[in-house]
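Below is one structure, written out as structure tokens, with a few remarks after it.
Proteins come first, then strands; the chains are lettered A, B, ... in the order of their sequence lines, and each starts at number 1.
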Protein chains: 2
Amino acid sequence: MGGPKLPEQERADAILAAAYRIALTEGLDAVTARRVATAAGISPGLVFFHFQSKDGLLQALLDVLLNGTLDALTHPSLSALAPWDRLERMIRVELDRLVEYHAGVELLFAFYFSRPDDLFRTRIEASFGRYLEAFLPVCQEVAGPGGVSGASTGVGGVSGDDLASTVVALIHGASIQAIRNPASVYPDALLATVLALRPRPAERP
Amino acid sequence: MGGPKLPEQERADAILAAAYRIALTEGLDAVTARRVATAAGISPGLVFFHFQSKDGLLQALLDVLLNGTLDALTHPSLSALAPWDRLERMIRVELDRLVEYHAGVELLFAFYFSRPDDLFRTRIEASFGRYLEAFLPVCQEVAGPGGVSGASTGVGGVSGDDLASTVVALIHGASIQAIRNPASVYPDALLATVLALRPRPAERP
DNA sequence: CCCTACATTGATCACCGGGTCAATAGGCCG
DNA sequence: CGGCCTATTGACCCGGTGATCAATGTAGGG
């Protein structure tokens with residue numbers, strides 16, 4: 001019985017990787033200590049040695065999932081663009097990411113809805129909150145002080161806050177669509193609707 | 001041991017009601033044969049007598065959840081309105097329903113993400129599909145043959161299909177927002193963005 | 001009034017999940 | 001080399017779950 005063959009702390013990472021693999025392919029419910037251990041080629045007890053409980057393992061897995069989620073939106077290359085172009089770029093980047101990593105997104109939702117308590121939800125909701133905050137500045141810039149008049153609505157129009165929450169709702173909705181059928185997501189269709197709000201770009205001859 | 005006290009076929013309904021109550025308050029995982037039986041005041045065996053398996057019970061529960069989901073959108077009172085007004089009304093009705101029944105919506109998502117297999121997904125996706133179909137006609141009417149020009153985008157604009165998928169995505173996104181925090185859903189904000197696409201309503205003095 | 005059909009019970013089974021733990025194997029430091 | 005600390009093992013316990021089943025009670029038809 002037992003001795004360190006990989007004494008390195010990579011063990012935890014290896015376990016997490018195995019858990020991740022199982023969660024992606026067989027669902028969150030399939031992530032059990034025994035199965036993870038088997039997939040990682042170790043003994044079940046080790047799982048509880050490195051993570052104290054199953055919830056510990058799942059929380060660690062969730063952290064892996066959430067890290068790197070927000071990177072693309074704060075990429076410095078965006079700040080050079082004009083507001084509307086930046087917003088368009090951000091949305092497009094997000095939609096593309098959603099389609100590419102739809103399996104991960106699905107897993108994230110599986111985490112969220114797996115239990116009604118706050119164990120996972122607070123983290124995920126915090127992440128969603130940061131999501132909105134990432135979009136707020138651009139949307140406010142785009143809307144201006146009076147809101148987007150859209151050159152069409154009679155009165156005033158859409159404030160920056162409205163636009164931001166709309167954009168986030170749109171992306172979340174697209175997530176679900178991407179999970180159902182990744183191939184059915186057409187970023188151009190969704191973008192067209194948002195960009196229709198843009199005032200005519202000052203004659204570009 | 002045992003004899004019919006409620007020989008009526010309401011038994012199945014009573015069991016379903018108990019399961020529904022448990023699912024809403026304690027989550028899908030809490031729906032076990034014993035707990036449901038206890039909540040319904042019957043013996044565990046009865047659950048398997050009326051529904052053959054746990055999956056049978058869950059499928060029946062899902063059916064309960066899906067029925068009545070689409071009623072509001074096909075309400076005949078809508079057909080009298082002008083296209084844009086009808087679209088606005090439909091979206092508003094849906095958003096209100098989402099907020100009111102957010103617990104049910106949450107349960108629906110819990111069903112969807114509870115397992116990667118097709119046991120629940122096909123039904124739910126079919127329901128989503130009908131959802132889109134319910135919005136398609138209005139959106140096509142609103143967009144017209146050339147698409148919504150929005151009076152702002154340079155070229156053409158948004159086709160009816162684009163608009164419909166956008167609207168559905170928006171509503172799905174709002175669902176998630178409603179689950180996180182029902183009080184934070186502002187239908188006006190989301191509607192404002194969509195309605196900004198409407199061409200100026202021909203001077204209404 | 002019995003007897004058949006059906007609803008109902010509750011005990012019971014096999015199984016699997018999370019979690020614990022004594023035993024042990026390796027590396028490392030003196 | 002000898003101890004010591006940590007990683008590791010695998011057997012084990014306990015609780016809960018889905019599912020089965022013989023026994024039993026009730027209703028209703030002849």
Side-chain angles (χ1 to χ4, degrees), chain A residues 1-23 25-62 107 110-111 114-117 119-120, chain B residues 1-23 25-62 110-111 113-117 119-120:
Chain A
M1 306 172 185
K5 292 163 189 169
L6 278 180
E8 359 220 339
Q9 178 259 2
E10 308 171 359
R11 258 294 131 76
D13 295 348
I15 296 177
L16 274 182
Y20 191 68
R21 230 175 305 134
I22 294 178
T25 56
E26 306 181 58
L28 255 194
D29 292 341
V31 178
T32 115
R34 290 188 200 354
R35 294 182 77 140
V36 168
T38 303
I42 60 172
S43 143
L46 248 201
V47 175
F48 295 96
F49 179 81
H50 286 283
F51 312 84
Q52 299 77 359
S53 60
K54 186 190 176 179
D55 281 354
L57 172 66
L58 289 181
Q59 279 196 18
L61 183 56
L62 177 58
L107 186 52
F111 263 104
S114 64
R115 21 167 84 186
D117 63 48
L119 185 60
F120 304 143
Chain B
M1 307 171 185
K5 289 161 189 170
L6 277 180
E8 359 221 339
Q9 178 258 3
E10 306 172 1
R11 258 292 131 77
D13 294 347
I15 296 177
L16 274 182
Y20 191 67
R21 231 176 304 135
I22 294 179
T25 57
E26 306 179 60
L28 255 194
D29 291 342
V31 178
T32 122
R34 290 190 215 316
R35 295 182 78 141
V36 168
T38 303
I42 60 171
S43 143
L46 250 201
V47 175
F48 294 95
F49 179 80
H50 285 284
F51 311 85
Q52 299 77 359
S53 61
K54 186 191 177 180
D55 281 354
L57 173 66
L58 290 181
Q59 279 197 17
L61 183 56
L62 178 58
F111 263 104
F113 291 106
S114 63
R115 22 170 82 187
D117 61 50
L119 185 60
F120 304 143

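A straight line from CD of Gln52(B) to C1' of dT20(D) spans 14 Å, rounded to a whole angstrom. Rounding to whole angstrom units, CG of residue Leu46(B) and P of dA7(C) are separated by 9 Å. Following rounding to the nearest Å, Glu10(B) (CD) and dT8(C) (P) show an atom-to-atom distance of 11 Å. Separating the CZ atom of Phe51(A) from the C1' atom of dA7(D) is a distance of 14 Å, rounded to the nearest angstrom. Residue Ile15(B) contributes atom CD1, which lies 14 Å from atom P of dG18(D) at whole-angstrom precision. In this entry the distance linking CZ of Phe49(B) with C1' of dG25(D) reads 14 Å, nearest Å. To the nearest angstrom, P of dA19(D) lies 16 Å from NE2 of His50(B).
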Using the 3.5 Å cut-off, write out each protein N or O paired with an N or O of nucleotides 16-18 of chain C and the distance between them.
unit_1, atom_1, unit_2, atom_2, d
dG17(C), N7, Arg34(A), NH2, 3.4
dG18(C), OP1, Lys54(A), NZ, 2.8
dG18(C), OP2, Thr32(A), OG1, 3.4
dG18(C), OP2, Ala33(A), N, 2.9
dG18(C), N7, Arg34(A), NH1, 3.4
dG18(C), O6, Arg34(A), NH2, 2.5

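The line from CD1 of Ile22(B) to CG of Leu28(B) is 11.0 Å long, rounded to the nearest 0.5 Å.
Closest non-hydrogen pair, Ile15(B) versus Phe51(B), comes out as CG2-CE1, 3.7 Å. Of all the heavy atoms in Phe48(B) and Ala33(B), the pair that sits closest is CE1-CB, 3.5 Å. Nearest heavy-atom pair across Phe120(A) and Arg115(A) is CE1-CD, 3.8 Å.
Under the 4.0 Å criterion applied to side-chain N and carboxylate O atoms, Glu26(B) and Arg21(B) are not assigned as salt-bridge partners.
Contact annotation: the side chain of Tyr20(A) approaches that of Leu107(A) to within less than 4.5 Å [non-hydrogen atoms, C-beta and beyond].
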